[in-house]
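Accompanying notes for the structure given below.
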Amino acid sequence: MELQIGIVGTGWFSKVHGDILAALDGVKVAAVCGTSLPKAESLASRYEGSKGYDNLADMLDGTKLDAVYLCIPPHAHGTIEAELIDRGIPFLVEKPLGAELETPLDIYSRLQASSKPLIHSVGYHFRYKAQTIKLKELLEGKTVGMALGCWMGDMPQVAWWREQSGSGGQFIEQTTHIVDLLRYTAGEVEEVYASYANRVVHEQYEGVSVADVGTVTLKLKSGAVANISNTCVLPAGVGEVGLSLYTDQGILSWSPDLLGVSLSGEKSTFRIEDNPYRAENEAFIHALRTGDTSGIHSDYGDALKTQRVTWAALESARTGKPVQINNI
């Protein structure tokens, strides 16, 4: 039976997921919902037989869908997920879960209160990369002492990203990937202390209310400590993204393109070409077909733990005080 998939959102991520879905056997991108009908119809035209909508309810009433992908800005979450949960429609939602914490908490509460488990996935695609899987294997038997992570780049050229209420800021919208990777490989976070500042970007663009530099110290439940820093002041095309774990047996340095291993008397590099977005989609589609969700590496409850950490960092930067994760 051909699975009928809907997409909410018409940006880059919608196209990435849509193209992958359209290439999978037995899967059809049947509908696209956007903020305007022309945008929705434009993306829908990429996929044979797909129809565009500018209203979620109209899409759900007009096309019988097996699942919906949510590729929307952080501030747009809430009512869409609630509608899908009420209708019992599975969904894959791109990170982050929201621009703040209250909305994701409400969505999670709705998921838990659902009459039957609803298949869902959250788009932390780094979890599906081959070098991430290799990193987890290499960490077995080693004690992590500390970690250093970063997301250094330029400011995305969309207006909502510059607004605190629109994106939640860089640590919530972008650097969440590194926070999630830290949790996935080194364990849970119990306390954060953050310092943010505005250095450059507010003088380059109108309406900037997000910090453009920040550094966050994290205490892990294991006793390890970490620092994750970010900036969006760099010029286009210049950047650095990664996470280094310092263990009792050496250094494991992860980046989106490779994994470096530096142990006593041994240095090696793993560069594995793969497409984590495809792996993420295949796991979700497999779950829809079989009910087996074991291949989904990030569900809503797990992703909510990452959201708690990134939100706590913002609260710490606002107050100048450490924030305990279990207190928010």
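- Asn55 meets the side-chain contact (heavy atoms from CB on, under 4.5 Å) test with Ala57, Asp58; sequence neighbours excluded.
- Heavy-atom neighbours of Lys221 NZ from other residues, nucleotides or ligands within 6.0 Å: at or below the threshold of 12.
- Residues passing the side-chain contact (heavy atoms from CB on, under 4.5 Å) test with Ser222 are Leu220, Ala224, sequence neighbours excluded.
- Under the rule for a ring pair (Phe, Tyr, Trp, His ring centres under 6.0 Å), the partners of Phe126 that lie at least two apart in sequence or sit in another chain are His177, Trp254.
- Residue Glu188 qualifies as enclosed at atom CD: its count of foreign heavy atoms under 6.0 Å is above 12.
- In this structure, Thr176 contributes its side chain and Glu173 its backbone to no donor-acceptor pair below 3.5 Å.
- Applying the side chain to side chain donor-acceptor pair (under 3.5 Å) test to pairs two or more places apart or on separate chains, those with a residue in residues 140-155 are Trp151-Gln174.
- Taking hydrophobic clusters as Ile, Leu, Val, Met, Phe, Trp and Tyr residues chained together by side-chain heavy-atom distances below 4.5 Å, Leu259 does not share a cluster with Tyr184.
- Checked against the 6.0 Å centroid threshold, Tyr128 and His297 count as a close aromatic pair.
- Remark: Arg289 does not engage Asp66 in a salt bridge, criterion side-chain N to carboxylate O under 4.0 Å.
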Show me the donor-acceptor pairs within less than 3.5 Å that the side chains of residues 198-207 make with the rest of the protein, sequence neighbours left out.
| unit_1 | atom_1 | unit_2 | atom_2 | d |
| --- | --- | --- | --- | --- |
| Asn198 | ND2 | Val210 | O | 2.9 |
| Tyr205 | OH | Gln157 | NE2 | 2.9 |

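- Both Tyr124 and Leu304 belong to a common hydrophobic cluster when Ile, Leu, Val, Met, Phe, Trp and Tyr are linked at side-chain heavy-atom distances under 4.5 angstrom.
- Listed by chain and residue number, Lys39 satisfy the side-chain contact (heavy atoms from CB on, under 4.5 Å) test with Thr35 (two or more places apart in sequence, or in another chain).
- Following chains of ILVMFWY side-chain contacts shorter than 4.5 Å, one cannot reach Ile296 starting from Phe91, and the two form parts of different hydrophobic clusters.
- Of the charged side-chain nitrogens involved, none lies within less than 4.0 Å of a carboxylate oxygen, so that Lys51 and Glu41 do not count as a salt-bridged pair.
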